[in-house]
Amino acid sequence: MRERRLDERPLTTRGRRTRNTLVQAAREVFEEKGFEETRVAEIAARAHLAHGTFYTYFDSKDDVLHEVAKGLTAEMFEASRSGEPPGAGPVDRIRASTERFLSVYRDNARMMHVVEQVSPRNPRFGHVYLEIRGLFVDRIAAGVRRLQKEGEADPGLDADTAASMLGGMVEHFARVWFLHGQEYDPDNALETATLLWARGIGLDVSGEDGTGSAREGTDGPG
């Protein structure tokens, strides 16, 4: 019978601290070198721990990447459920949601790129990537459905497909901006994305401030 690994047993405070140190070190090295070029020895060295200590807590580089990705998922989840501006209409809610997504993507762009690179060859990480993306896409879809019911959004749109496309638009833009270094004016980028998104689902944006027929208290996408 296989002996239970240390990370499968209750960890001491020191053990948790050591494990967390390895996870943080792994994230730093993954972001700098990518997954394929990273070696376990480099993770251990970054954590200022013996090479063998890594295997006390993780079986492989894949295992520690999965732990890093779990932390990334939690961070994105918190961002996806953050509160909206009180009394905001649909377009203002889209603006706030887009700003929140761009902010969290900026802070995690390199790690998101690592997960994206690994996911095509490893279903384990493909699931993680789709889970992270789904946190925002599902909220967009729910918002579109609500606006459709209230007569604000185009009733002919398929909410799930529209949400995936709109989310993909902002996601790709964020990747080009924060990962590949294309420079954009932040205010202009936010307003442009907001208007494209709002017009894409059929909202009235004819008002001077772009909020058009926004109703107080209506849940917008995101």
Side-chain angles (χ1 to χ4, degrees), residues 5 7 18-49 51 53-81 97-141 160-184 186 189-190 193 197 222:
R5 286 167 34 81
D7 64 320
T18 300
R19 193 172 190 273
N20 290 340
T21 298
L22 283 166
V23 172
Q24 179 58 38
R27 174 165 180 159
E28 292 174 7
V29 180
F30 287 145
E31 288 180 338
E32 291 172 10
K33 305 191 67 173
F35 180 77
E36 298 298 341
E37 297 301 317
T38 293
R39 300 292 177 263
V40 168
E42 294 171 312
I43 296 172
R46 179 66 59 91
H48 303 291
L49 295 167
H51 183 273
T53 302
F54 176 92
Y55 292 103
T56 302
Y57 297 90
F58 299 101
D59 282 332
S60 65
K61 189 172 64 170
D62 278 38
D63 277 352
V64 74
L65 175 59
H66 191 258
E67 195 65 25
V68 172
K70 281 169 56 180
L72 178 60
T73 302
E75 187 172 342
M76 300 292 266
F77 174 75
E78 285 302 314
S80 75
R81 64 194 292 268
S97 179
T98 303
E99 184 174 27
R100 191 165 62 247
F101 177 83
L102 289 172
S103 177
V104 74
Y105 196 99
R106 177 197 62 212
D107 294 342
N108 294 282
R110 291 194 176 277
M111 200 61 235
M112 284 289 293
H113 185 57
V114 172
V115 174
E116 288 178 33
Q117 285 183 316
V118 176
S119 61
R121 69 165 181 79
N122 190 324
R124 183 183 190 187
F125 295 105
H127 174 75
V128 170
Y129 171 70
L130 291 176
E131 182 180 5
I132 292 171
R133 190 173 188 272
L135 293 171
F136 287 91
V137 171
D138 290 348
R139 285 185 60 82
I140 297 171
D160 292 317
T161 303
S164 184
M165 289 183 174
L166 290 167
M169 172 188 73
V170 179
E171 179 185 22
H172 179 70
F173 178 79
R175 185 184 300 112
V176 171
W177 188 2
F178 300 123
L179 186 63
H180 297 292
Q182 179 67 53
E183 294 187 4
Y184 296 96
L190 178 59
W197 184 337

What distance do E28 atom CD and T38 atom OG1 have between them, rounded to the nearest 0.5 Å?
-> 11.5 Å

d(R100 CZ, F136 CZ) to nearest 0.5 Å is 6.5 Å

Look at atom NE2 of H180 and say whether more than 12 heavy atoms of other residues, nucleotides or ligands are closer to it than 6.0 Å.
-> yes

So does E42 pair up with R46, basic N to acidic O under 4.0 Å?
-> no

Residue pairs fulfilling salt bridge (charged side-chain N to carboxylate O under 4.0 Å, His left out) with at least one residue in residues 106-117, sequence neighbours excluded | E116-R175

How about L102 and T98: do any of their side-chain heavy atoms sit closer than 4.5 Å?
-> yes

Quick one: CZ on R19 to OG1 on T56, what's the gap to the nearest 0.5 Å?
-> 11.5 Å

Any donor and acceptor pair, going by atom type alone, linking the side chain of E37 with main-chain N or O of G34 inside 3.5 Å?
-> no

Is there a side-chain contact between N108 and R27 (heavy atoms, below 4.5 Å)?
-> yes

Closest non-hydrogen atoms of W177 and P186, given as atom of the first, atom of the second and distance, are CH2-CA, 3.7 Å

Hits for salt bridge (charged side-chain N to carboxylate O under 4.0 Å, His left out) against E75, two or more places apart or cross-chain, chain-then-number order -> none

Quick one: are V68 and V115 in side-chain contact, heavy atoms under 4.5 Å?
-> no

In Å, rounded to the nearest 0.5 Å, how long is the span from NZ of K61 to CD1 of I43?
-> 7.5 Å

Listed partners of S164 passing side chain to side chain donor-acceptor pair (under 3.5 Å), at least two apart = R133

Side chain to side chain donor-acceptor pair (under 3.5 Å) with H113: which residues, sequence neighbours excluded?
-> Q117

Quick one: does V64's side chain get under 4.5 Å of F54's, heavy atoms only?
-> yes

What residues, two or more places apart in sequence or in another chain, satisfy side chain to side chain contact (heavy atoms under 4.5 Å, CB included) together with Q182?
-> V176, Y184

Hits for ring-ring contact (aromatic ring centres under 6.0 Å, His included) against F30, two or more places apart or cross-chain, chain-then-number order -> F35

Indicate yes or no: at least one non-hydrogen side-chain atom of V40 is less than 4.5 angstrom from one of Y55.
-> yes

Which residues satisfy the side chain to side chain contact (heavy atoms under 4.5 Å, CB included) test with A44, sequence neighbours excluded?
-> none

How would you list, by chain and number, every residue that makes a ring-ring contact (aromatic ring centres under 6.0 Å, His included) with F178, sequence neighbours excluded?
-> none

Side chain to side chain contact (heavy atoms under 4.5 Å, CB included) filter on K70, not counting sequence neighbours, yields H66, E67

Has M165 got more than 12 heavy atoms of other residues, nucleotides or ligands less than 6.0 Å from its CE?
-> no

Please say whether more than 12 non-hydrogen atoms of neighbouring residues, nucleotides or ligands are located less than 6.0 Å from CD in E99.
-> no

Set of salt bridge (charged side-chain N to carboxylate O under 4.0 Å, His left out) partners for D138, sequence neighbours left out = none

Side-chain polar contacts of residues 124-132 - donor-acceptor pairs under 3.5 angstrom, sequence neighbours left out - could you list them?
{"unit_1": "R124", "atom_1": "NH1", "unit_2": "D63", "atom_2": "OD1", "d": "3.2"}
{"unit_1": "R124", "atom_1": "NH2", "unit_2": "D63", "atom_2": "OD1", "d": "3.4"}
{"unit_1": "Y129", "atom_1": "OH", "unit_2": "E171", "atom_2": "OE2", "d": "2.8"}

Of all heavy-atom pairs linking A163 and A141, the shortest is CB-N, 3.5 Å

Non-neighbouring partners of T161 that pass side chain to side chain donor-acceptor pair (under 3.5 Å), sequence neighbours left out | D158

Output for pair (H48 NE2, T53 OG1), nearest 0.5 Å, gives 13.5 Å

